Amino acid sequence: MGKSRSSEKLISKHCSDFGATAAEPDEDIFGWDLFVQFPEEPFQGAAEERPERYSAYVQVKSTEKGKASAKIKMSNVQEAATSSAPWFFFMVMEDETIRAKHLWGALLVKWLKLVRKAGVEGSELHAEKISLSFAKMTLISGNVADWMRTEIKKVGEDYAQVKKGLIENLGYENGYGIGKLLFADMAMKHLASTFLGLKKSVPVSGFSFTKSRFQIPDGQPVVDNVGGKITVEPRPVSDCDIRLQGQGGEPPINLKGDVYGFRFPNSASNDAYLRFSSSPLEIVRSPDGQYETSLTFEPTKRYPLRQWLVYEKLTRWSDSGDISIRISKSAKVFVSGKINLDATDESQVEVLCLAIRGIEQAVRASGVQNPYFSDEDFGKSFGDVYRFCMAFQPELSIVYPQDELVPTFDKMIYRTGIDFDHLAIHCFLSREIVSDEMVGGKRVFTAGQPTITEAHIYSKPNATALDAILADYEVFREGFDGSSVVLNFGDISTSIQRMPDAT
């Protein structure tokens, strides 16, 4: 009997002594010498629910001239490393002591990497061999079948799933491949803005991707020379505190912000772009030390009113000159200086800021919590927004023809509102008449500062809500006693086109 055969017989005897069976393959072409099935585990449940018994593939080697190592075909390495079943390798020494290795841990990683390398290089796996060493520490002192079952149990009941997960995921710790991007006719600043999160995407004229595992790339790219666009979702590298102070003596604005960074590959560490962000304020520092500051909102994203109030205040401060700014973290100052904010469309910005101030008053009067608005909301309802602003002008003049018989008014009342898609804001306002005079042959009444007497805010506005607003306005109008002569405009956005009625 040859050494290999006698060694297999020895392992089989250990299995038999333990109550396990060790079957030999019909042909030695699958890389294993014995297939071991272990005795059933104790089980108290229903018969049909009994879990399958443990099993394992075994390869047995015999020492040659006392060497504690053996050659294994790469095709067998591939079979063992890519199988979800347990694999064990035994070395029977000359004194019939047994050393063993379980294909797990570092050995599994090493073999998967070898299989990957051979596959990429196009090697004939059946023609190549590797050496597997069995150090003294791998000596098994007891029954080898008992040892194998213990090793399997260490992994857990779902051995196959655990090993399958390792086979699928090992080697990708440093990434899944190498990508190459070609940006044609693209300014460096534009590209940096995308990676800082100021732009959502950037066009790509050429893209290729080569899969890599264990840092061994494929010979050919999986995707090659494809155009399209790349979308970037950056993560902040830190947070920061931003303090802003205008020139009019108002309290400063204190904001919590995020810091983003980006630098091009192979550039110096001080050649980085930095972005300090706290919507709506965006500050970008270029590698040359220049700063760009802007006020901007994502068009369709809804922001709380408090952030729109920051926008209004900074816009108003910028009309008076530079704004002082300090950016810091934990009392360490990163940036200190002055900024200037220039509006792109001054007329629309002015209307928007007036509307924000009016909405703030309405929110306070209604008791509603912080509502949300998007730039798109204001744009789609700009007609309402404009008329709403006009209703909040510091003074309003009402002109009558000289021959129109009208009384001397004490007060002016009206309602105004904005109907957004998601929210309706309606206010009842009153003004004191501050002057009544003849100008150019016409009678001109001047109404002073407006006061919001009532405010109604409805989410998801509908016809029922509007009916309720009209009914409440009638109650509001009737609440003035006979001692006042009231000029009632009703809905000022439409009533201003006709002569108001006196009540």
Side-chain angles (χ1 to χ4, degrees), residues 197-198 200 240-248 250-258 275-283 293-320 323 325 327 339-394 416-427 429 450 452 455-461 493:
L198 292 169
K200 287 296 183 184
C240 65
D241 299 304
I242 304 175
R243 184 182 187 276
L244 300 132
Q245 178 67 67
Q247 297 185 12
E250 293 184 67
I253 298 173
N254 292 291
L255 304 172
K256 287 289 185 183
D258 290 318
R275 172 193 172 198
F276 304 95
S277 176
S278 180
S279 294
L281 182 65
E282 296 289 351
I283 302 169
T293 309
S294 63
L295 294 177
T296 182
F297 287 109
E298 292 183 34
T300 59
K301 181 180 177 181
R302 288 186 172 132
Y303 296 85
L305 177 61
R306 58 180 172 78
Q307 286 180 261
W308 285 100
L309 289 169
V310 170
Y311 174 90
E312 183 276 328
K313 185 178 279 190
L314 289 176
T315 302
R316 182 160 42 83
W317 283 358
S318 68
D319 290 339
S320 302
I323 299 171
I325 184 170
I327 303 176
I339 59 173
N340 182 267
L341 298 166
D342 295 321
T344 54
D345 186 336
E346 293 186 3
S347 60
Q348 288 201 356
V349 168
E350 183 180 2
V351 170
L352 179 58
C353 290
L354 287 170
I356 292 168
R357 290 201 292 271
I359 291 171
E360 180 196 19
Q361 294 177 48
V363 168
R364 276 197 267 112
S366 70
V368 170
Q369 296 298 315
N370 205 14
Y372 283 63
F373 306 92
S374 71
D375 194 39
E376 183 180 64
D377 290 333
F378 285 111
K380 288 170 67 175
S381 302
F382 191 76
D384 277 3
V385 170
Y386 178 78
R387 289 184 286 272
F388 185 80
C389 293
M390 294 301 293
F392 280 86
Q393 291 294 311
T416 186
I418 308 175
D419 290 320
F420 297 106
D421 289 341
H422 71 300
L423 199 72
I425 302 172
H426 286 262
C427 305
L429 296 96
I452 296 180
H456 301 266
I457 299 179
Y458 295 91
S459 60
K460 298 180 180 178
S493 66

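These numbers come from a predicted model, not from an experiment.
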For this session: May I have all residue pairs that pass side-chain hydrogen bond (donor to acceptor under 3.5 Å, both in side chains) and include part of residues 362-371, sequence neighbours excluded?
Result: none
Problem set entry | Heavy-atom pair of closest approach, residues Ser459 and Leu423 | CA-CD1, 3.9 Å
Exercise. Where do Leu244 and Ile339 land on the side-chain contact (heavy atoms from CB on, under 4.5 Å) test, with the steps shown first?
Worked result: CA-CA 9 Å; Leu244 300 132; Ile339 59 173; 3.9 Å; yes
Seminar exercise, completed: Across all chains, not counting sequence neighbours, the side chain to side chain donor-acceptor pair (under 3.5 Å) partners of Lys380 are Asp421
Problem set entry | Distance-minimising heavy-atom pair for Ser374 and Pro299 | CB-O, 3.6 Å
Exercise. Rounded to the nearest 0.5 Å, how far does CG of Asp375 lie from OG1 of Thr300?
Worked result: 9.5 Å
Exercise. With Phe378, which residues qualify under ring-ring contact (aromatic ring centres under 6.0 Å, His included), at least two apart?
Worked result: Trp308, Phe373, Phe420
Exercise. Is any side-chain heavy atom of Val363 closer than 4.5 Å to a side-chain heavy atom of Pro371?
Worked result: yes
For this session: Check step by step if side-chain contact (heavy atoms from CB on, under 4.5 Å) holds for Thr416 and Met390.
Result: CA-CA 9 Å; Thr416 186; Met390 294 301 293; over 6 Å; no
Seminar exercise, completed: Scanning both residues in full, the closest heavy-atom pair of Tyr372 with Arg302 reads CD2-O, 3.4 Å
For this session: Answer yes or no: does atom CZ of Phe297 have more than 12 heavy-atom neighbours from other residues, nucleotides or ligands under 6.0 Å?
Result: yes
Exercise. Do Leu354 and Leu352 have side-chain heavy atoms sitting under 4.5 Å apart?
Worked result: no
Problem set entry | Test log, rule side-chain contact (heavy atoms from CB on, under 4.5 Å), inputs Glu282 and Thr293 | CA-CA 6 Å; Glu282 296 289 351; Thr293 309; over 6 Å; no
For this session: Please identify each residue that fulfils side chain to side chain donor-acceptor pair (under 3.5 Å) with Glu250, with sequence neighbours left out.
Result: Arg316, Trp317
For this session: Can you sort out the partners of Asp258 under side chain to side chain donor-acceptor pair (under 3.5 Å), two or more places apart, ordered by chain and number?
Result: none
Problem set entry | Rounded distance (nearest 0.5 Å) linking atom OH of Tyr311 with atom CG of Leu341 | 9.5 Å
For this session: Go through Phe388 and Val351 one step at a time and tell me if the side-chain contact (heavy atoms from CB on, under 4.5 Å) criterion holds.
Result: CA-CA 9 Å; Phe388 185 80; Val351 170; over 6 Å; no
For this session: With the side chain counted from C-beta on, respond yes when Glu350 and Cys353 share a heavy-atom pair under 4.5 Å apart, and no when they do not.
Result: no
For this session: Can you measure from SG (Cys240) to CZ (Phe276) and round to the nearest 0.5 angstrom?
Result: 6.5 Å
For this session: Can you see which heavy atom on Ile323 is nearest to which on Leu314, and at what distance?
Result: CD1-O, 3.7 Å
For this session: Please name the pair of heavy atoms, one in Ala355 and one in Val385, separated by the smallest distance, quoted to 0.1 Å.
Result: CB-CG1, 3.5 Å
Exercise. Going by heavy atoms in the side chains, are Glu312 and Arg357 under 4.5 Å from each other?
Worked result: yes
For this session: For the residue pair Ile283 and Ile325, establish whether any side-chain heavy-atom pair is separated by less than 4.5 Å.
Result: yes
Exercise. Any sub-3.5 Å donor-acceptor pair from Tyr303's side-chain atoms to Glu298's backbone N or O?
Worked result: yes
For this session: Provide the closest heavy-atom pair for Ser278 versus Leu255 in the form atom of the first, atom of the second, distance.
Result: OG-CB, 3.6 Å
For this session: State which residues pass side chain to side chain donor-acceptor pair (under 3.5 Å) with Asp241; sequence neighbours excluded, sorted by chain then number.
Result: Lys256
For this session: For residues Asp419 and Ile425, determine if any side-chain heavy atom of one lies less than 4.5 Å from a side-chain heavy atom of the other.
Result: no
